[in-house]
Each structure stands twice: as C-alpha cells, then as structure tokens.
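Worksheet for the structure shown next.
Note: hydrogens, waters and symmetry copies are ignored here, and every other heavy atom, side chains too, is used.
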Amino acid sequence: MLSQLSARLGFDVISFDTFFAEQRQGSLLDLVGGEVAKQCLDTLQEGSIIVTVPTITKDMICSHAQSRNIEAEGVVVQKNASQLACLYDWYAKGELTLHIAERFLLQDVNLGHQMMESGDYSGKLLIVANHL
C-alpha cells in the first residue's frame, strides 16, 4: 500500500539503513523531531530542504539545518474548532481510530514527556486527569 501511495505521489520510500548509508540531496518531512531528526539532517547535503512537524523541537531542528545550509521550516498547527468537532464526531461513530501508545496520569506527566523526547514509541501519548 505504501509503495502504491508513493508511486502515485511521486516520492521514494527507503529503509533507515539505506537512508543513513550515504549523504544525499533532497527533501525530508520530519514527523519525529529531536535527535532522530538531527541524525537525518546530517545525511542531507547543502541545498536540501526539511519540513519539521513536531513543534517542541522545531527551533532546534531549524537551527541545526540552517547551520548546514539546509532550508528548514516548521509546520505550525492552528486551532480549528469545527475541524476538531468533525474529528470527534468521526471518532464517536467509529469512523476514526487512534493508535494510543501510552496513557499517563496527570501527576506522571513528566514520564510522558520523557517518553515523547525519547522518540521510542509509535502512536499518541495521552495525559489523563483522573484514573486510567
């Protein structure tokens, strides 16, 4: 399915090993941020482009990219109540599923933050105000 999508949109999908094997010129969409994104940046040649989504590490990634003469931009998410209501409606109807990696109690928010910074998870991290 990913190969069909990449062919339709005109981009290549490569493994981590292939990506890190050599430096290349290109465009990178960073959905992870942090140290992983910096490692990815180190494989890009001058003149490449990166767009980073995680806002918590946006400044770090953009600064690191610019120091290597790589064009960098962060994606800023704007709040939109109608879109949020639509997403909730889809979720309530079972038309949208979420992959939740972990739930943390509010008093354990520091553990959630540490997990987020590690990048060693897949899915959403949720902070809940009361019991799990």
Below 4.5 Å, heavy atoms only, C-beta onward: do I56 and H113 meet side chain to side chain? yes
Does atom OH of Y121 have more than 12 heavy-atom neighbours, drawn from other residues, nucleotides or ligands, at distances under 6.0 Å? yes
What one should report as the nearest heavy-atom pair of L41 and I70 is O-CD1, 3.8 Å
Does Q25 use its side chain to pair, donor to acceptor, with the backbone of G47 at less than 3.5 Å? yes
Restricting to non-hydrogen atoms, name the atom on V75 and the atom on T55 that form the minimum distance, rounded to 0.1 Å. O-CG2, 3.8 Å
Within one Ile-Leu-Val-Met-Phe-Trp-Tyr cluster: L98 and L126, side-chain cutoff 4.5 Å: yes
L111 backbone acceptor or donor facing D108 side chain under 3.5 Å: no
Is it the case that one hydrophobic cluster holds both L29 and I50, taking links as side-chain heavy atoms less than 4.5 Å apart, direct or via other members? no
Hydrophobic cluster identity match, V36 and L31, side-chain contacts under 4.5 Å: no
Are F104 and M116 in one and the same hydrophobic cluster, where Ile, Leu, Val, Met, Phe, Trp and Tyr link if side-chain heavy atoms are under 4.5 Å apart? yes
Donor-acceptor pair, distance only, cut-off 3.5 Å: does the side chain of T43 make one with the backbone of Q23? no
Which residue pairs pass the side chain to side chain donor-acceptor pair (under 3.5 Å) test with at least one member in residues 56-66, sequence neighbours excluded? D42-H64
Any donor-acceptor N/O pair, R24 side chain to S48 backbone, under 3.5 Å: no
Using a 4.5 Å cut-off on heavy atoms from C-beta on, say whether the side chain of S82 contacts that of L84. no
Where D30 and G33 come nearest, the two heavy atoms and their spacing: OD1-N, 2.7 Å
Please determine whether residues I100 and V128 belong to a single hydrophobic cluster, defined as Ile, Leu, Val, Met, Phe, Trp and Tyr linked transitively by side-chain heavy-atom distances below 4.5 Å. no
Shortest non-hydrogen pair, A72 vs C62, comes out as CB-CA, 3.7 Å
Rounded at 0.5 Å granularity, tell me how far CD in Q107 sits from CG in N110. 10.0 Å
If the condition is side chain to side chain contact (heavy atoms under 4.5 Å, CB included), which residues does L106 pass it with, not counting sequence neighbours? I127
What one should report as the nearest heavy-atom pair of S122 and A101 is O-CB, 3.1 Å
Can you establish whether the number of heavy atoms outside F20 located under 6.0 Å from its atom CZ is more than 12? yes
Can you check whether L125 reaches M115 side chain to side chain, under 4.5 Å on heavy atoms? yes
